[in-house]
J.: 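Structure in structure tokens, see below.
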Amino acid sequence: MNPNISAAERLARIRLNAFLFFRADWLERLIEIFGSAEEILRQDAETLAREANLNPSTAAQLLRDAFAIDPL
């Protein structure tokens, strides 16, 4: 992992990796769209689905899974 990213960004990426249905390249694509993993987690499911061209239920499940874990 890039040593130049913040601890908060690192934790956001760990949370997003809890969603088992994405390949690593999808996470990178989302980061390109939103600018960071932290910003992805600031989105609601509707915005995430619209901006990333995801199925709304997939976007909702991604956020549920991400916030269901405590990476600390």
Side-chain angles (χ1 to χ4, degrees):
M1 191 172 284
N2 183 341
N4 297 323
I5 65 172
S6 69
E9 176 68 10
R10 195 168 286 135
L11 290 175
R13 289 179 185 214
I14 291 168
R15 285 185 180 276
L16 288 169
N17 278 307
F19 186 63
L20 301 176
F21 301 102
F22 270 165
R23 298 183 326 234
D25 60 326
W26 264 93
L27 178 56
E28 291 303 317
R29 179 178 172 271
L30 290 176
I31 290 172
E32 286 178 19
I33 292 169
F34 292 99
S36 70
E38 289 178 275
E39 191 60 31
I40 294 166
L41 295 177
R42 289 186 188 108
Q43 307 305 310
D44 59 34
E46 182 180 305
T47 302
L48 194 60
R50 183 180 62 249
E51 297 297 320
N53 196 29
L54 295 173
N55 177 293
S57 63
T58 301
Q61 188 64 51
L62 167 66
L63 294 174
R64 276 193 299 274
D65 288 358
F67 288 110
I69 67 161
D70 181 6
L72 298 176

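Quick caveat, the model's predicted, so the values are computed rather than measured. Values below: every heavy atom of this structure, side chains too, minus hydrogens, waters and symmetry copies.
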J.: For residues Glu9 and Ala37, report the shortest heavy-atom separation together with the two atoms involved.
T.: OE2-N, 2.8 Å
J.: What distance do Arg13 atom CZ and Leu41 atom CG have between them, rounded to the nearest 0.5 Å?
T.: 11.0 Å
J.: Please name all residues satisfying salt bridge (charged side-chain N to carboxylate O under 4.0 Å, His left out) with Glu51, sequence neighbours left out, ordered by chain then number.
T.: none
J.: For the CD atom of Glu38 and the CD1 atom of Ile5, what is their distance to the nearest 0.5 Å?
T.: 9.0 Å
J.: So which heavy atom on Ala45 is nearest to which on Ala59, and how close?
T.: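 So the two residues come closest at O-CB, 3.5 Å.
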J.: Which residues pass the ring pair (Phe, Tyr, Trp, His ring centres under 6.0 Å) test with Phe19, sequence neighbours left out?
T.: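 Applying ring pair (Phe, Tyr, Trp, His ring centres under 6.0 Å) to Phe19 gives Phe21, Phe22.
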J.: Would you say Glu46's side chain and Pro56's backbone share a donor-acceptor pair under 3.5 angstrom?
T.: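 Not confirmed, Glu46 side chain does not pair with Pro56 backbone.
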J.: To the nearest 0.5 Å, what is the distance between CG (Leu63) and CZ (Arg15)?
T.: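 It comes to 11.0 Å.
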J.: Please tabulate, one pair per line, all N/O donor-acceptor pairs under 3.5 Å involving side-chain atoms of residues 24-33, not counting sequence neighbours.
T.:
from, atom 1, to, atom 2, distance (Å)
Asp25, OD1, Arg23, NE, 2.9
Asp25, OD1, Arg23, NH2, 3.3
Asp25, OD2, Arg23, NH2, 2.6
Arg29, NH1, Ala52, O, 3.0
Arg29, NH2, Ala52, O, 3.2

